[in-house]
Amino acid sequence: MLAQGILPNQNICEKNFEQARVAWETNFLSVASLAHLACARMEKKGGVIAVFGSVAGDRGRASNYVYGSGKGAVALFLQGLRHRLARTSSPLCIQTIKPGFVDTKMTASFQKSALWASPEQVARTVVRAIDKRREHLYVPWFWIGIMAIIRNIPEKIFRRLPL
Ligand SMILES: NC(=O)c1ccc[n+]([C@@H]2O[C@H](COP(=O)([O-])OP(=O)(O)OC[C@H]3O[C@@H](n4cnc5c(N)ncnc54)[C@H](OP(=O)(O)O)[C@@H]3O)[C@@H](O)[C@H]2O)c1
């Protein structure tokens, strides 16, 4: 399982390239590198490589596009990997996990609402999904619907939303 990640301050990243670079390195480069290496070892043997992306990777938005772009790149990388493995009928399952808001160290300072999940809830869902060898999951499940709407809002309208 690959679960490392940092949530950088978007405003600081906009002015400080170094902060953005560290975020991209941690959220994408390290994840893609480890998935790449793990895949080379597991491609023939099989198993599951479960990787934490985020709903934030489904659409770029003003308030967190540095974080979101790293997570979106992870999702694209894993999608490509799955495509390649399917061509050789590899027994390896590549799983993309997209959590919504989760109450962890990363989000300790955020105000919580009904949309927030606990780490235990996310962990239980992920373990079940690994057992079932699922390739994609939103956690909790209701983010499937929320993100379907968010992804499909036309850009001209999306621009006016305070997101
Ligand atoms: N919390 C959310 O709302 C949320 C939503 C969507 C997706 N996610 C994703 O879920 C995953 C888990 O995050 P979390 O919420 O559990 O946050 P977290 O408690 O802050 O966990 C992040 C983990 O990443 C590790 N990490 C960060 N930078 C690292 C580095 N340079 N080298 C090695 N390890 C590093 C941290 O290690 P240390 O403990 O040693 O610092 C920590 O174990 C992340 O990929 C995050 O992006 C979280």
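All values derive from a computational prediction rather than experimental measurement. Counting starts at 1 for both ligands and their atoms, following the listed order.
In this structure, Gly100 has a heavy atom closer than 4.0 Å to ligand 1. Between Phe110 and ligand 1 there is no heavy-atom distance shorter than 4.0 Å. Under the 4.0 angstrom criterion for non-hydrogen atoms, Lys98 is not in contact with ligand 1.
Numbered from 1 in the order shown, with element, the atoms of ligand 1 that lie under 4.0 Å from a heavy atom of Ser54 read 6 (C), 7 (C). The distance from ligand 1 to the heavy atoms of Tyr67 drops below 4.0 Å at these ligand atoms: 6 (C), 7 (C), 8 (N), 9 (C), 46 (C), 47 (O). Every atom of ligand 1 is numbered from 1 in the order shown, and the set under 4.0 Å from a heavy atom of Ala3 is 11 (C), 12 (C), 44 (C), 45 (O). Ligand-side atoms of ligand 1 in range of Phe101: 3 (O), range being under 4.0 angstrom from any heavy atom. Listed by atom number, the atoms of ligand 1 under 4.0 Å from Ile6 heavy atoms are 27 (C), 28 (N). Contact atoms of ligand 1 toward Thr107: 1 (N), 2 (C), 3 (O) (distance under 4.0 Å to a heavy atom of the residue).
Looking at atom 45 (O) of ligand 1, its nearest protein heavy atom turns out to be Lys71 NZ, 2.8 Å. Shortest contact from atom 33 (C) of ligand 1 to any protein heavy atom: Gln4 CB, 4.8 Å. Scanning all protein heavy atoms for the shortest distance to atom 14 (P) of ligand 1 gives Thr104 OG1, 3.5 Å. Scanning the protein heavy atoms around atom 27 (C) of ligand 1, the nearest turns out to be Gly5 O, 3.4 Å.
Checked by atom type and distance alone, the side chain of Asn27 pairs as donor or acceptor with a backbone atom of Ile6 at under 3.5 Å. In terms of modelled atom types and a separation under 3.5 Å, the side chain of Glu135 and the main chain of Cys93 share no donor-acceptor contact. Distance alone, capped at 3.5 Å, places no donor-acceptor pair between the Gln19 side chain and the Ile12 backbone. A donor-acceptor pair is defined here as one N or O able to donate and one able to accept, closer than 3.5 Å; no such pair exists between the side chain of Thr26 and the backbone of Ala23.
Within a 4.0 Å radius of atom 43 (O) of ligand 1, the protein contributes no heavy atom. Distance check on atom 38 (P) of ligand 1: some protein heavy atom falls below the 4.0 Å cut-off. By the definition of a contact as any protein heavy atom under 4.0 Å away, atom 7 (C) of ligand 1 is in contact. There is a protein heavy atom closer than 4.0 angstrom to atom 3 (O) of ligand 1. The protein reaches atom 22 (C) of ligand 1 closely, with a heavy atom under 4.0 angstrom from it.
Residues forming a salt bridge (Lys or Arg N to Asp or Glu O under 4.0 Å) with Arg151 (at least two apart in sequence, or on another chain): Asp58. With sequence neighbours excluded, the residues satisfying salt bridge (Lys or Arg N to Asp or Glu O under 4.0 Å) with Lys112 are Asp103.
Within the cation-pi definition used here (under 6.0 Å to the ring centroid, within 45° of the axis), Arg59 qualifies as a partner of Phe158.
Ligand 1 has no nitrogen or oxygen under 3.5 angstrom from a nitrogen or oxygen of Trp116.
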Would you check, one step at a time, whether the test ring-ring contact (aromatic ring centres under 6.0 Å, His included) holds for Phe101 with Trp143? CA-CA 10 Å; Phe101 302 134; Trp143 284 97; 5.1 Å; yes
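The nearest pair of heavy atoms linking Val122 to Ala117 is CG2-CB, 4.1 Å. Across all their heavy atoms, Gly5 and Met106 have their closest contact at O-CE, 3.5 Å. A pairwise comparison of heavy atoms in Val66 and Gln10 identifies N-OE1, 3.0 Å as the closest pair.
Taking each of Met106, Glu25, Lys105 in turn, the one with a heavy atom nearest to atom 41 (O) of ligand 1 proves to be Lys105.
At a 4.0 Å heavy-atom cut-off, ligand 1 touches Thr26 through the side chain alone.
Using a 4.5 Å heavy-atom cutoff, the side chains of Arg133 and Val48 are in contact.
Separation of atoms CZ (Arg159) and CD1 (Ile153) is listed at 13.5 Å; rounding is to 0.5 Å.
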